[in-house]
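Inspection log for the structure reproduced underneath, given as structure tokens.
Chain letters run A, B, ... following the sequence lines, proteins first, then strands; residues in each count from 1. Bear in mind the structure is a predicted one, so any value in this text is a computation, not a measurement.
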Amino acid sequence: RKEVEQDPGPFNVPEGATVAFNCTYSNSASQSFFWYRQDCRKEPKLLMSVYSSGNEDGRFTAQLNRASQYISLLIRDSKLSDSATYLCVVNGNYGGSQGNLIFGKGTKLSVKP
Amino acid sequence: SQTIHQWPATLVQPVGSPLSLECTVEGTSNPNLYWYRQAAGRGLQLLFYSVGIGQISSEVPQNLSASRPQDRQFILSSKKLLLSDSGFYLCAWTKVLWVLGTEAFFGQGTRLTVV
């Protein structure tokens with residue numbers, strides 16, 4: 001099982017659609033979970049952290065299921081500006097390191113008019 | 001506030017030439033520092049990380065090396081580049097106490113093309 005696996009993309013959706021991304025992780029000791037957004041040819045930037053109880057930020061909702069080692073991101077009322085690649089990120093803590101982050105390959109979202 | 005600087009932004013180098021990419025962080029002390037590579041159509045691959053001056057851990061065997069001569073400086077090097085070294089190189093930093101949440105802040109990246 002890969003360390004962090006995401007839905008294969010790309011996702012092509014119309015404006016206003018609701019889209020969901022899924023992610024699974026293999027290290028049950030992981031403590032921190034995030035969704036990052038990466039625009040084309042740019043560096044990744046934090047979209048939101050994922051908390052155990054689930055959290056919402058405007059049109060974005062993140063969920064964590066520790067038992068299933070599963071993370072999700074829901075985007076409601078998609079905008080053209082949401083087009084980007086969404087990266088699932090998990091704290092790996094390998095070899096006793098601090099803050100070692102493992103990135104999924106990302107899922108590309110394209111929102112069309 | 002903290003900032004991270006990475007340079008150069010783009011680089012075209014011939015096979016067999018040396019490489020030196022530099023990254024510096026301002027506004028924080030004792031950061032964890034990382035070098036990632038993103039090849040075309042692939043995810044971010046962790047190359048090196050460092051938890052302190054002179055402390056380097058390598059995640060993937062390759063012809064690249066890293067050094068941390070100062071607390072907030074991280075350098076990626078190669079003596080002889082290969083075609084397969086082409087990619088988007090990203091430097092990042094995180095706060096020390098990962099248990100409090102470990103948001104990573106990235107530099108703007110260096111797009112390296114080996115020809």
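In this structure, chain A has no heavy atom under 4.5 Å from any part of B:Gln45. Of the atoms belonging to A:Gln38, it is side-chain heavy atoms, and not backbone ones, that fall under 4.5 Å from chain B.
Listed in order of number, the residues of residues 108-115 of chain B that approach chain A to under 4.5 Å between heavy atoms are B:Gln108, B:Arg111. The contact list for residues 83-91 of chain B toward chain A, using heavy atoms and a distance under 4.5 Å, reads B:Phe88, B:Leu90 by residue number.
B:Tyr49 and B:Leu76 fall into different hydrophobic clusters, where Ile, Leu, Val, Met, Phe, Trp and Tyr side chains are chained together by heavy-atom contacts under 4.5 Å. Following chains of ILVMFWY side-chain contacts shorter than 4.5 Å, one can reach B:Leu81 starting from B:Phe48, so the two form part of one hydrophobic cluster. Under the 4.5 Å side-chain heavy-atom criterion for Ile, Leu, Val, Met, Phe, Trp and Tyr, B:Tyr34 and B:Leu64 are members of distinct hydrophobic clusters. One hydrophobic cluster, built from ILVMFWY side chains closer than 4.5 Å, holds both B:Leu46 and A:Leu87. Clustering ILVMFWY residues whenever any of their side-chain heavy atoms sit less than 4.5 angstrom apart, transitively, puts B:Trp93 in a cluster other than the one holding A:Leu46.
Between the CZ atom of B:Phe106 and the OH atom of A:Tyr36 there is a distance of 6.0 Å, given to the nearest 0.5 Å.
Counting heavy atoms from C-beta on, the side chains of A:Glu43 and B:Gln6 never come closer than 4.5 Å.
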